[in-house]
Amino acid sequence: MKKGDHLFLVDGSGYIFRAYHALPPLTRKSDGLPVGAVAGFCNMLWKLLQSARDTDVGVTPTHFAVIFDHSSKTFRNDLYPEYKANRSEPPEDLIPQFGLIREATRAFDLPCIELPGFEADDLIATYARLATEAGGETTIVSSDKDLMQLVDGSVSMYDPMKDREIRVPEVVEKWGVPPEKMIDLQALTGDSVDNVPGVPGIGPKTAAQLLEEYGDLDTLLARASEIKQNKRRENLIEFADKARISRELVRLRTDAPVEFQIDTFELAPPDGPKLIGFLKAMEFSTLTRRVAEATGAEVAEIEAAAVEVETGEAAHGPDMGASTAAAPDAATPADDAGATPQKLADRIAEAAPAQTFDRTAYVCIRDLETLRAWIDDAYETGLLAFDTETTSLDPMQAELCGFSLATRPGRAAYVPLSHKSGSGDLLGGGVIEGQIAEKDALDAIRQVMADPSVLKIGQNLKYDWLLMYRLGVEIVSCDDTMLISYVLDAGTGSHGTVSHGMDALSERWLGHAPIPYKELTGSGRNQVTFDMVDLERATAYAAEDADVTLRLWQVLKPRLAAHGLTSVYERLERPLIPVICRMEHRGIEVDRQILSRLSGDFAQTAAGIEDEIYQLAGERFTIGSPKQLGEILFGRMGLPGGSKTKTGQWSTSAQVLEDLAAAGHELPRKIVDWRQVTKLKSTYTDALPGYINPETKRVHTSYAMASTTTGRLSSSEPNLQNIPVRTAEGRKIRTAFIAPAGAKLISADYSQIELRVLAHVADIPELKKAFADGLDIHAMTASEMFDVPVEGMPAEVRRRAKAINFGIIYGISAFGLANQLAIPREEASAYIKRYFERFPGIKDYMDDTKAQARANGYVETIFGRRAHYPEIRSSNPQLRAFNERAAINAPIQGSAADIIRRAMARMDEALLNAGLDDVRMLLQVHDELIFEAPEEKVEKAIPVICHVMENAALPARNLSVPLQVDARAADNWDEAH
DNA sequence: GTGGTCTCCTA
DNA sequence: GTAGGAGACCACA
């Protein structure tokens, strides 16, 4: 829970009574079970939760819990034995519904909170306080006056039956006193229902008037003798003690010893099937259908859940006989069938290609007045598609040429800022007259960019966000059509064919091919930067991009909700845009001298090996050419060739060369050594210095958020996710990644996160226990498989088990395992068989995952991210098997990726809250995060970092296996890792 | 110059 | 056996 979060607390017990009395009395399902209050409750919850997924309207809960009274006896009975003593038993047909409403809450996957000795109101008060302290806001879903004392700037109430919000003014209007005086008011008036005594003869009006005059109860009681009205004065004096007791009875406890952290109330994606199972059992047909449509679940495939009624037979009404009393909402006609999220989304998509593009309607904005008018229009529509045109693909180096805006489909403009006239040949002519100065333009858009009421829409917004960040413009409240497409369609098409680039999306969804960039700038040697493009063509191109982006958003955004993917997008994608931008912007310091020295060393080593190679080969040739090398080794020298590549060439892979070396051949050994050292030199020590930004003197990688099928990030230019670590030579490169003077690098990495995820999702008791006990997981596996005690286990035995564990994660095959372990395929097969016998749950998980992939075309991570594998249905057995393995791997790799994304999304704020805002997250390497911290902050930062990472799945998912993070600090990445 | 192939670096 | 990016070579334009 953090600033900006919004906690919804539903007063479950209060709701039951109100719903029971408000709804038609005899709502029963077909077997006679009374369910009227349950129906009302479910409808209300669904409606509230729907608003959670529709960020464009109303208040959006991020945390959600339903609170119940535990029993009738509470601490208040100790204060005043008569408290609530005259409560009658609840009506008979309401009794079974108490349990059902708790069941309903659980079916919604919502926390169901109660505590012995405390009323729901006390728990609500306590959680509201905790939320406020965390900087969040609270909405109490109730209209009970007893809760109004809690209302303040950050706590409000909502009456779901009247669809009315209750804030400070509403309390004052209704009771004549502000919320903080509600306790005193209730102490005076008492409550006949709850048997709170109060002072006789004083009702709400009088109480409000007295409090207005005397300020508070204590003052009033102390100065009661001044009151003019005889009876009132006497009663106040006589019943002063009763008033004080009443005050203690109505005062809500904000310090109840609550069991659950507020963070565990974080709203998770809906579990459609679970909820539908319950709703079906309740026979709530309309709501069942709505939920199915919103979550993309198939009602027919889900069985009604077995719902137990705590009170047993007595709870059921008399035999219903001929009564066919339908489910409570079955009477609702199915006339909304045409407006389901899916149908709506599909209808929008179907209509989109018919819309035309008119490039001549685009506007070139060349003065501030016009720009301001466009911004006003954005305020009107609440939408602003935005795109920048620059001189470089690298947002850390790019200079702004102009930007484009679109506020409605077809209404788009380009704002040129630094276009030059092309006519001045060599010198490129001069800057074109009549362009807004960059500073003025940025000043003009700064406010709207930071205004949460206007949604900024981009395509690959990370680029524009980072560029604008560099220019001092902050973007708040945004959507990214590339990320939306990625969440919807990761992996669709064959071999990652589907790109989430704008041109492809435009073709696919709008049936429109935008002007190709190259058409304006040319390509190759003649390519020019965008500021050299004439304004007319620049406007057509740039404004079209903004127009396309806006229309794509209109088509794609509704599809998120229609496919139940809103929370994936909003939890795992959108929040990461600023986080990753900041990481890229910070970059990491790389020591040029170290790399340069290493390059020299490597060059020398390579030259030495080259000479030896030529000696051994008896001729000079291009060692780096596999073709030439193959001819020498397997042709001229006649060495036994191993495998062949798919083009029929001899393979010269490291594996083949190692085998030859092991057989006593000298040359292959030298080739392997040469390759290693030249690889390190060319890919790392030579290339990295070229990526040092001349301005910042640091290396800024670029993370692709939408490039993998599983949800991982990828890193490029340079790829900092493949810096060597396995060999001593390679690790030297890591020593060049350093912290500045006075700072350290901190590396924090998850231990065995994928195996832990596997243990959780496949639900393997032995693995879960091993992780819970902190055992060596590979040794444990070996012990189980080979009946060898962990103590004194030969390293080879453990190594094999380790390879098998990894194999499982990768969707094991006998072929692959045999390759990995250099053992016969039959032996590998036997290992796998044995593994499945020892851990039958793994086999089940794999079979289930494959079946799911085949049935749906996709698999899901534990957070609901989808990875599509359409080719799993291929008739090509090899292709099919490949897709099966990928489908088995994706939920594991993807869930781990989701977890670290969640950690990243929270990290900056956690550090900030701990006073560690100068500890900065720099890099992500799949299961590792690298930070830079001032030396004196390291000790404090490490536990914060570990805590965020280890608890990243919570509260959305409570893993049945602990996550473990190891962190270390040092002067360079090699020592920190 | 562009694209395919091979190889090798990471988790 | 999963997921990536990149450099070198080489054939093609």
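Quick caveat, the model's predicted, so the values are computed rather than measured. Heavy atoms only: backbone and side chains are in, while hydrogens, waters and symmetry mates are out.
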Open item on the list: Expressed as a whole number of angstroms, how long is the span from A:Asn889:CG to B:dA11:P?
Closed with: 16 Å

- [ ] Whole angstrom is fine here: how far is it from CZ in A:Phe806 over to C1' in C:dG1?
- [x] 12 Å

TODO: Tell me what A:Arg712 touches on the nucleic acid: a base, only sugar-phosphate, or nothing, going by heavy atoms under 4.0 Å.
DONE: base

Open item on the list: Is the shortest side-chain heavy-atom distance between A:Met907 and A:Met583 below 4.5 Å?
Closed with: no

Task: Which nucleotide in C:dT2, C:dC9, C:dA8 has an atom nearest any side-chain atom of A:Thr622 - done: C:dC9

- [ ] Please state how far atom CD1 in A:Ile723 lies from atom P in C:dA6, giving the value in whole angstrom units.
- [x] 11 Å

Task: Nucleotide nearest A:Tyr869 (side chain, heavy atoms from C-beta), chosen from C:dA3, C:dG7, B:dC9 - done: C:dA3

- [ ] Assign A:Ala890 to base, sugar-phosphate, or nothing according to its heavy-atom contacts below 4.0 angstrom with the strands shown.
- [x] nothing

Task: For atom CD1 of A:Ile892 and atom P of B:dA11, their distance in whole Å - done: 18 Å

Open item on the list: Please classify the nucleic acid contact of A:Ser707 as base, sugar-phosphate, or nothing, using heavy-atom distances under 4.0 Å.
Closed with: sugar-phosphate

Open item on the list: At 4.0 Å (heavy atoms only), tell me whether A:Tyr684 reaches a base, stays on the sugar-phosphate, or touches nothing.
Closed with: sugar-phosphate

Task: Options B:dC8, B:dT10, C:dA3, nucleotide nearest the side-chain atoms of A:Thr710 - done: C:dA3

TODO: Kindly point out which of C:dG1, B:dC8, B:dT10 is positioned nearest to the side chain of A:Val725?
DONE: B:dT10

- [ ] Determine the contact category for A:Leu713: base if any of its heavy atoms lies under 4.0 Å from a base atom, sugar-phosphate if only primed atoms, P, OP1 or OP2 are that close, otherwise nothing.
- [x] nothing

Open item on the list: Given B:dT10, C:dG5, C:dC10, identify the nucleotide with an atom nearest to the side chain of A:Arg726.
Closed with: B:dT10

Open item on the list: Once you apply a heavy-atom cut-off of 4.0 Å, does A:Glu754 come out as touching a base, just sugar-phosphate, or nothing?
Closed with: nothing

TODO: Select base, sugar-phosphate, or nothing to describe what A:Glu928 touches, counting heavy atoms under 4.0 Å on all strands.
DONE: nothing

Task: Phosphate OP1/OP2 of C:dG5 contacted by A:Thr683 side-chain N/O (<4.0 Å) - done: no

TODO: Take atom CG of A:Leu629 and atom P of B:dC8, then tell me their distance rounded to the nearest Å.
DONE: 10 Å

Task: Nearest-nucleotide pick for A:Tyr810, side chain only, options being C:dG1, C:dG5, C:dG7 - done: C:dG1

- [ ] Just call it for A:Gly624: base, sugar-phosphate, or nothing, with non-hydrogen atoms closer than 4.0 Å on any strand.
- [x] sugar-phosphate

Task: Spacing of CD1 belonging to A:Ile842 relative to CZ belonging to A:Phe836, to within rounding of 0.5 Å - done: 8.0 Å

TODO: Check whether any side-chain heavy atom of A:Gln964 lies under 4.5 Å from a side-chain heavy atom of A:Arg756, and answer yes or no.
DONE: yes

TODO: Examine C:dG4: is either OP1 or OP2 under 4.0 Å from a nitrogen or oxygen in the side chain of A:Thr709? Give yes or no.
DONE: yes

Task: Value in whole Å for how far the P atom of C:dG1 lies from CG of A:Asn805 - done: 18 Å

Task: From C:dA3, C:dG1, B:dT10, nucleotide with atom closest to A:Ala803 side chain - done: C:dG1

Open item on the list: Under 4.0 Å from OP1 or OP2 of B:dC6: is there any side-chain N or O of A:Thr647 that close?
Closed with: yes

TODO: Rounded off to whole Å, could you give me the CZ-to-P distance for the A:Arg731 and B:dA11 pair?
DONE: 11 Å

Task: Beyond-backbone contact of A:Leu688 with A:Phe737, side-chain heavy atoms, under 4.5 angstrom - done: yes

TODO: Counting heavy atoms from C-beta on, name the nucleotide in C:dG5, B:dA11, B:dC6 closest to the side chain of A:Thr645.
DONE: B:dC6

Task: A:Arg636, CZ atom: more than 12 neighbouring heavy atoms under 6.0 Å - done: yes

Task: A:Phe786 ring center within less than 6.0 Å of A:Tyr831 ring center - done: yes

Open item on the list: Checking contacts here: which listed nucleotide (C:dA3, B:dC9, C:dT2) is nearest the side-chain heavy atoms of A:Lys679?
Closed with: B:dC9

Open item on the list: Tell me if the NZ atom of A:Lys670 is crowded by more than 12 foreign heavy atoms within 6.0 Å.
Closed with: no

Open item on the list: Among C:dG1, B:dC6, B:dA11, which nucleotide has an atom closest to any side-chain atom of A:Leu817?
Closed with: C:dG1

